Amino acid sequence: MLLADLVACSAAVASKSSRRVKVDLLAGLLGAAGPGDAGLAACYLAGVLPQGRVGVGWASLRDVRVDPAPSPDLTLAGVAAAIEGIAGVSGAGAEAERRERTAALLAAATSAEQDFLASLLLGDVRHGALEALVTDALGVATGVPGDHLRRALMVGAGLDEVADAAVAGGASRVRRFRLRLFRPMRPMLASSAPDPGAALEATGAASVEHKVDGARIQVHRRGRRAAVYTRNLADVTGRMEEVAAPALAARASSLILDGEAVVLGDDGRPRPFQETAGRFGSAAGAAERLTPRFFDLVYLDGEDLTGRPLAERRRLLEGLLPAEALVPSVATSSPEEAAAFLGAALDAGQEGVVVKALDAPYRAGRRGSAWVKVKPVHTLDLVVLAAEWGYGRRTGWLSNLHLGARDPGGGFVMLGKTFKGLTDDMLRWQTERFLALEERRTRSTVHVHPEQVVEVAFDGVQASPRYPGGVTLRFARVRGYRDDKTAAEADTIDTVRAIHRGEIRPTVGG
DNA sequence: TTGGAATGCCC
DNA sequence: CTTGTGG
DNA sequence: CCACAAGGGGCATTCCAA
């Protein structure tokens, strides 16, 4: 199949807003792909490379400028081979070599193909249809029911594998993808609610569990063999053997556990997330140890438990692991009891709680209302110091805000940026507002006179090696503009530091 | 040898 | 990771 | 409800250049 056909399809998809129309367009292309091309076509249309990222980023692409090819001769297989080559480069001279190979690939592409390949390499394809719609389209093109395809993806099959299986073998082949050991599955995700009462309304009778501020892990074990996977299914077994210990000690022939890995202090309290991230990201042999805390059991002694209710999975889990290897939990349908448990979790240094419906199955890869997280938030009134021009659907609007806290000694201290929480109306309003306050600008940023106050919500304050105050906000988002306040009334850097030291508690609800 | 830029991936 | 938009 | 797009901060690793 020619890349040009796929690129034309992408452009057509981008030009339509209806999901049904997008799916039909995608299905048309997938239907035209032969057995050898279906997997590649599905991946590329979904904006992903079968092998993941290959070491080509925005900066290296920026200075690769080659004349486009006059005619569209590239095939999907040719592109795949070229990308395979790029992915394989490492060692001294790798940057130049990757750049050279990238340039060679782009030189063989027409102008439209170059743009698409650049987005693909960056993992930044945006035509309003990614994996989910491509999966639907695959169903349309092959006649394989969508839930079979989705199920295969959830248990860890790659989109390329599923597409190839669907095209070559139809539904019966796709059904052969099952949850199995040492093939990581996609973890179940949680939605969120402002307080335990709202969460319980969504779930009904629930297991309320500590939300441990670490990194998600999935541990597979059979006999003496164990493996550890991340939320995105990367195999990190060699980096953290210690978190597999409870699985290896459990009395079972095989199992799959879901949980969180975190660095604990000597007092048993979780260390700041940055420490966990450091240990989680580093190779083995680091001084700090990761402690696993498990909250689910999805496979036991050869049996897939994902269809069983949480109550049963939790009971089996508690029979298998010692209490210290488990995330603390309480079963309740009382908002008061859940609120008290949340308070205790926060006192223990946890991030919040996750409220999980006791009767819900394990829905791999889904973010439904069966699991609901509750985290308290902080709020501050800060001052906008600058705003950056948006991209994509925010082109033409000032979007990303630079936030400053008032310095009692004079001036403002930048704490970070946010683009979240802004409606289209707010974007329109603030574009006009900040252009009126403009003091100077660069290509990307309009710096403004510091007088507009904005209410910002965030999860916490963390140390920053980048910002001048040495602190920054975690998950900052705009709550609204405060036209009733002047910059002189904005919150100070001292308050931010007090939050960082843990002297100011975040609030639940509202 | 070392500091910085780029990249990928955790939240 | 959070939020807003649109099908 | 689901999928997508808008982008945030930090850390470890890798490779380049001074």
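If you're wondering where the values come from, they're calculated on a predicted model, not measured in any experiment. First the proteins, then the strands, lettered A, B, ... as listed; each starts at 1. Note that these values count all heavy atoms, side chains included, but never hydrogens, waters or copies made by symmetry.
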Tell me what [X] touches on the nucleic acid: a base, only sugar-phosphate, or nothing, going by heavy atoms under 4.0 Å.
X	result
A/S60	sugar-phosphate
A/T423	sugar-phosphate
A/G390	sugar-phosphate
A/A132	sugar-phosphate
A/H402	nothing
A/R62	sugar-phosphate
A/A457	nothing
A/F475	base
A/R393	sugar-phosphate
A/V89	nothing
A/V56	sugar-phosphate

Any side-chain N or O of [X] under 4.0 Å from OP1/OP2 of [N]?
X	N	answer
A/T472	D/dG9	no
A/T276	B/dC11	no
A/R19	D/dC4	no
A/R216	B/dC10	no
A/T230	B/dC10	yes
A/K16	C/dG7	no
A/R126	D/dA5	no
A/Q274	D/dG10	no
A/Y391	D/dG7	no
A/N400	D/dG8	yes

If I take atom [atom1] in residue [X] and atom [atom2] in nucleotide [N], what distance separates them, rounded to the nearest angstrom?
X	N	atom1	atom2	result
A/K22	D/dC2	NZ	P	20 Å
A/M154	D/dA3	CE	C1'	12 Å
A/L49	B/dT7	CG	P	14 Å
A/R363	D/dC2	CZ	C1'	11 Å
A/R366	D/dA3	CZ	P	5 Å
A/L189	D/dC4	CG	P	14 Å
A/E95	B/dA5	CD	C1'	8 Å
A/L398	D/dA6	CG	C1'	15 Å

Looking only at the aromatic ring of each residue, does the gap between the centers of A/W371 and A/Y362 stay below 6.0 angstrom?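 Close enough - the centres of the two rings lie under 6.0 Å apart.
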State which of [options] makes the closest approach to the side chain of [X].
X	options	value
A/L133	D/dC4, B/dT7, D/dG9	D/dC4
A/F273	D/dG8, C/dT2, B/dC11	B/dC11
A/S17	B/dG8, C/dG7, B/dA6	C/dG7
A/R474	D/dG7, D/dG10, B/dC11	B/dC11
A/P465	B/dG8, D/dG10, D/dC4	D/dG10
A/Y467	C/dT3, D/dG9, D/dA6	D/dG9

Side-chain ion pair, [X] and [Y], N-O less than 4.0 Å:
X	Y	result
A/K373	A/E351	no
A/R269	A/D347	no
A/R99	A/D63	yes
A/D491	A/R406	no
A/R428	A/E432	no
A/R482	A/D381	yes

DNA chain C nearest-nucleotide lookup for A/K211 and A/R394: closer to the 5′ end is A/K211
Tell me which of A/R20 and A/K373 sits closer to the 5' end of DNA chain C, going by the nucleotide each one is nearest to. A/K373
Any side-chain donor paired with an acceptor under 3.5 Å for A/R394 and A/S399?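 A/R394 vs A/S399: donor-acceptor pair found between side chains.
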Nearest-Å distance once atom P is located in both D/dG7 and B/dC11: 23 Å
If each of A/V134 and A/K420 is mapped to the nucleotide of DNA chain D with the nearest heavy atom, which maps nearer the 5' terminus, i.e. the 5' end?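 So the residue in question is A/V134.
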Of A/D124 and A/K417, the one whose closest DNA chain D nucleotide lies more 5':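 The residue mapped nearer the 5' terminus is A/D124.
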